[in-house]
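Right, one structure below, let's go through it.
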Amino acid sequence: MTMPRRDFLKAAAGLATTTAIALPGCATTVAGASGKVVVIGGGYGGATAAKYLRMWSNGGINVTLVEPNPDFISCPMSNLVIGGSKDLAFLTVSYDNLPRRHGVKFVRDTATAVDTDKRIVKLAGGGEISYDRLILSPGIDFIWDKVPALAAADAQAKVLHAWKAGPQTVVLRRQLEAMPDGGIYALSIPVAPYRCPPGPYERACQVAWYFKRAKPKSKVLILDGNPDVTSKAALFRKAWAEEFTGIVEYRGNHVLTDVDVAAKTAKFEVQDDVKADVLNILPPQRAGAIARSAGVVTANDRWCDVDFLTFESVRVRNVHVLGDAIQVASGMPKSGHMANQHAKVCAAAVVALLSGQPANPAPVLNNTCYSMITDKDSIHVCSVHQWDKDKKTLLPVPGAGGVSTAMSELEGTYAFAWAKNIWADALA
Ligand SMILES: Cc1cc2nc3c(=O)[nH]c(=O)nc-3n(C[C@H](O)[C@H](O)[C@H](O)COP(=O)(O)OP(=O)(O)OC[C@H]3O[C@@H](n4cnc5c(N)ncnc54)[C@H](O)[C@@H]3O)c2cc1C
């Protein structure tokens, strides 16, 4: 049920509109904070953390951001590139402001190892950087063992995930353009948890939006490892039935076991094989590999448990983990918005700790995820997450948040504003 806007605003206690990126219950500039922080990963979590550490320490903390990519490329909105209404340039934001305006040291490299005893990060380029505190926001890596035929690089180049925005996003678009009218695009979704719960269903809509205009005899087949749509289910099902009638077919309980790359066929635990013209596989996921080197992978051999007051690893001191890599709290999605909020709670805590003060004892975070149904119309889900001192975790605030009543163009304008706002918040 959607909560009236004024009630939502009241519940969020002045934190957020559904389009604004709020400060998670904290943070003014702290004088006297100093020390060296290394941030690994310049995505939604890491870029935000690097910028806010500099701002909230008034330039007192020396911040180095390690990231191999020359520019930030956003996963949110990347499904529009696959649908064909936007291009990669729309998703791309320069890192330049982080060094220029905020004094972050940007090191274009990949972290290959972390020595948590000596507090040193080792880089692929041969260098080493020491830290007082380390922040990891490496996003996800894929568990290729669960899709053995895709373990090899040449197979991965043919059957794409496009679940890290960049070159694969563009190649998947080209595969769809090359597909004949009357063809089948099949999308395999892993069992939750995975990056961006509504993202696959948004992708199905974007491909269907393209087919409806350019290849109306074609089909979108959703092969979901989960028993049902994991996010905004009623809204997506309505869009498939009414906006994309006869184009989208949803099949639950399709747990992928492998693919036949040459035959473009997906294989499942129980269900029959499915052959497609374009096969798009989202493999099961876990924290980015550097988390393992730092010894912070603690949950199911996949994710990193953290103390939600500081986002410090529960296992390794002075190492904080943000974003998709963490073992989430109840009701918390793996989203860019959430990673941005983790980053702010963590940055405020690190600034406090490096100036001899306690971290905020009662953080509040919020999340909004828009999903584009067409090139203009959108739906959203939002939630507020508050520290519970008895349970010592973040819990969703009952009644704060909800989903859209229906897709609309107005929500589409909010969705584009959300994207521009969060890119500016992290990178401007
Ligand atoms: C198609 C799609 C649509 C989505 N839509 C939305 C949406 O509408 N709203 C929303 O909130 N979220 C959305 N998401 C989810 C969102 O993209 C992620 O939740 C978010 O990117 C997580 O942030 P992160 O910092 O954990 O990881 P990322 O943003 O992926 O950043 C990780 C960074 O770490 C770097 N890195 C990794 N390993 C190393 C290393 N060893 N050394 C140096 N750097 C390293 C990577 O290069 C990368 O830049 C979507 C995702 C997808 C795939």
Side-chain angles (χ1 to χ4, degrees), residues 21 38-50 64-83 91 93 95 106-114 121-125 129 134-141 161-166 168-169 172 187 189 193-204 206 231-232 280 282 285 287-294 303-304 311 321-326 328 332-343 346 366-372 378-382 415-416 418-419 421-423 426:
I21 312 304
V38 175
V39 181
I40 298 180
Y44 274 86
T48 309
T64 303
L65 175 62
V66 182
E67 165 62 50
N69 292 316
D71 297 300
F72 171 96
I73 303 181
S74 175
C75 284
M77 294 288 166
S78 66
N79 285 328
L80 294 178
V81 177
I82 291 162
L91 308 174
V93 185
Y95 282 116
F106 186 83
V107 174
R108 195 175 157 205
D109 209 332
T110 299
T112 50
V114 180
V121 174
K122 298 183 182 176
L123 303 176
I129 318 173
L134 175 65
I135 298 179
L136 301 176
S137 195
I140 50 148
D141 273 333
H161 53 76
W163 215 238
K164 295 185 181 187
Q168 283 216 358
T169 313
L172 179 58
L187 171 63
I189 304 173
Y194 58 85
R195 158 175 283 184
C196 192
Y201 313 112
E202 176 189 59
R203 177 168 293 180
Q206 287 303 309
S231 177
K232 301 177 234 183
N280 183 188
L282 311 183
Q285 296 150 30
I290 194 67
R292 195 165 299 275
S293 168
W303 311 112
C304 310
F311 286 81
V321 191
L322 312 176
D324 289 354
I326 70 162
V328 289
M332 182 186 273
K334 292 187 182 293
S335 75
H337 192 126
M338 216 66 256
N340 168 284
Q341 297 279 291
H342 299 167
C346 176
N366 69 87
N367 182 70
T368 307
C369 278
Y370 289 96
S371 297
M372 296 301 294
S378 185
I379 54 178
H380 80 269
V381 57
C382 61
F416 285 110
W418 172 89
N421 279 343
I422 199 165
W423 297 341

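Predicted model, so just to flag it, every value in this text is computed and none were measured. For ligands, and for the atoms within them, numbers begin at 1 and follow the listed sequence.
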key: ligand 1 versus Tyr194: contacting region, heavy-atom distance under 4.0 Å   = neither

Check: Ala162 N/O within less than 3.5 Å of ligand 1 N/O = no

ask   = Under 3.5 Å, is there a donor-acceptor pair between the side chain of Ser378 and the main chain of Ser371?
value = yes

message = I need the atoms of ligand 1 closer than 4.0 Å to a non-hydrogen atom of Cys196, numbered in the order shown.
response = 4 (C), 5 (N), 6 (C), 13 (C), 14 (N), 15 (C), 50 (C), 51 (C)

Minimum-distance pair of heavy atoms, taken over all atoms of Ile40 and Ala111 = CD1-CB, 3.5 Å

request  = For the residue pair Met77 and Tyr370, establish whether any side-chain heavy-atom pair is separated by less than 4.5 Å.
outcome  = no

ask   = In ligand 1, which numbered atoms sit nearer than 4.0 Å to a non-hydrogen atom of Pro68?
value = 43 (C), 44 (N), 45 (C), 47 (O)

query = How far is atom 26 (O) of ligand 1 from its nearest protein heavy atom, and which residue and atom name does that atom have?
reply = Asp324 N, 2.9 Å

remark   = What one should report as the nearest heavy-atom pair of Trp163 and Arg195 is NE1-O, 3.1 Å

note = A student checking ligand 1 against Asn69 at a 4.0 Å heavy-atom cut-off should list atoms 47 (O)

message = Just to confirm my output: which protein heavy-atom neighbour is closest to atom 36 (N) of ligand 1, and how far is it?
response = Gly41 CA, 4.0 Å

inquiry  = With a 3.5 Å distance limit and no angle check, can you tell me whether Asn79 reaches the backbone of Gly199 through a side-chain donor-acceptor pair?
reply    = yes

remark   = Nearest non-hydrogen protein atom to atom 42 (N) of ligand 1, with distance, is Ala111 N, 2.9 Å

Proximal atoms of ligand 1 relative to Gly323 (non-hydrogen, under 4.0 Å) = 26 (O)

note = the protein heavy atom lying closest to atom 9 (N) of ligand 1 turns out to be Trp418 CH2, 3.5 Å

ask   = Among all protein non-hydrogen atoms, which one is nearest to atom 30 (O) of ligand 1, and what is the separation to 0.1 Å?
value = Arg195 NH2, 2.6 Å

request  = Check each of Gly43, Ser137, Cys75 against atom 24 (P) of ligand 1 and report the one with the nearest heavy atom.
outcome  = Ser137

key: Part of Lys334 with heavy atoms under 4.0 Å of ligand 1, whether side chain, backbone, both or neither   = backbone

ask   = For atom 49 (O) of ligand 1, what is the nearest protein heavy atom, given as residue, atom name and distance?
value = Glu67 OE1, 2.6 Å

query = Do side-chain atoms of Ser293 reach the backbone of Val114 as a donor and acceptor pair under 3.5 angstrom?
reply = yes

inquiry  = Under a 3.5 Å distance rule, please check whether Lys164 uses its side chain to pair with a backbone N or O of Ile140 as donor and acceptor.
reply    = yes

message = Can you see whether His380 engages Trp418 through a side-chain donor-acceptor pair at a distance of less than 3.5 angstrom?
response = no

message = With a heavy-atom distance limit of 4.0 Å, tell me whether Ile140 approaches ligand 1 through its side chain, its backbone, both, or neither.
response = neither

query = Of Tyr44, Trp163, Tyr370, Tyr95, which has the heavy atom at the shortest distance from atom 8 (O) of ligand 1?
reply = Tyr370

task = Report yes if some heavy atom in the side chain of Gln206 is under 4.5 Å from a heavy atom in the side chain of Ile82; otherwise report no.
result = no

task = Considering the heavy atoms of Ile290, write down every atom of ligand 1 situated less than 4.0 Å from one of them.
result = 41 (N)

Phe72 and ligand 1 - part of the residue with a heavy-atom distance under 4.0 Å = neither

request  = Please tell me if the side chains of Tyr201 and Lys232 come closer than 4.5 Å, counting only heavy atoms from C-beta onward.
outcome  = no

request  = Could you tell me which atoms of ligand 1, counted from 1 in the order shown, lie closer than 4.0 angstrom to a heavy atom of Ser78?
outcome  = 1 (C)

inquiry  = Do Gln341 and Tyr44 make a side-chain contact, defined as non-hydrogen atoms from C-beta onward lying under 4.5 Å apart?
reply    = no

For atom 5 (N) of ligand 1, the option (of Ser378, Ala343, Pro76, Gly288) bearing the nearest heavy atom = Pro76

Pairwise side-chain contact, Ser137 with His342, heavy-atom cut-off 4.5 Å (strictly under) = no

query = Is the closest side-chain heavy-atom distance between Met338 and Val328 below 4.5 Å?
reply = no

ask   = What protein heavy atom is closest to atom 12 (N) of ligand 1, reported as residue, atom name and distance in Å?
value = Gly336 N, 2.9 Å

request  = Below 4.0 angstrom from a heavy atom of Ile40, which ligand 1 atoms are there? Numbered from 1 as shown, please.
outcome  = 40 (C), 42 (N), 43 (C)

ask   = If you take all heavy atoms of Leu282 and His161, which pair is closest and at what distance?
value = CD2-O, 3.4 Å

request  = May I ask whether Gly199 has any heavy atom positioned less than 4.0 angstrom from an atom of ligand 1?
outcome  = no

request  = For ligand 1, indicate whether the residue Lys164 contacts it via side chain, backbone, both or neither (heavy-atom separation under 4.0 Å).
outcome  = neither

query = In terms of atom number and element, which parts of ligand 1 are under 4.0 angstrom from non-hydrogen atoms of Asn79?
reply = 1 (C)

message = Test your reading of the model: is there a side-chain donor-acceptor pair from Lys334 to the backbone of Ala339, 3.5 Å cut-off?
response = no

query = Among all protein non-hydrogen atoms, which one is nearest to atom 37 (C) of ligand 1, and what is the separation to 0.1 Å?
reply = Pro138 O, 3.3 Å

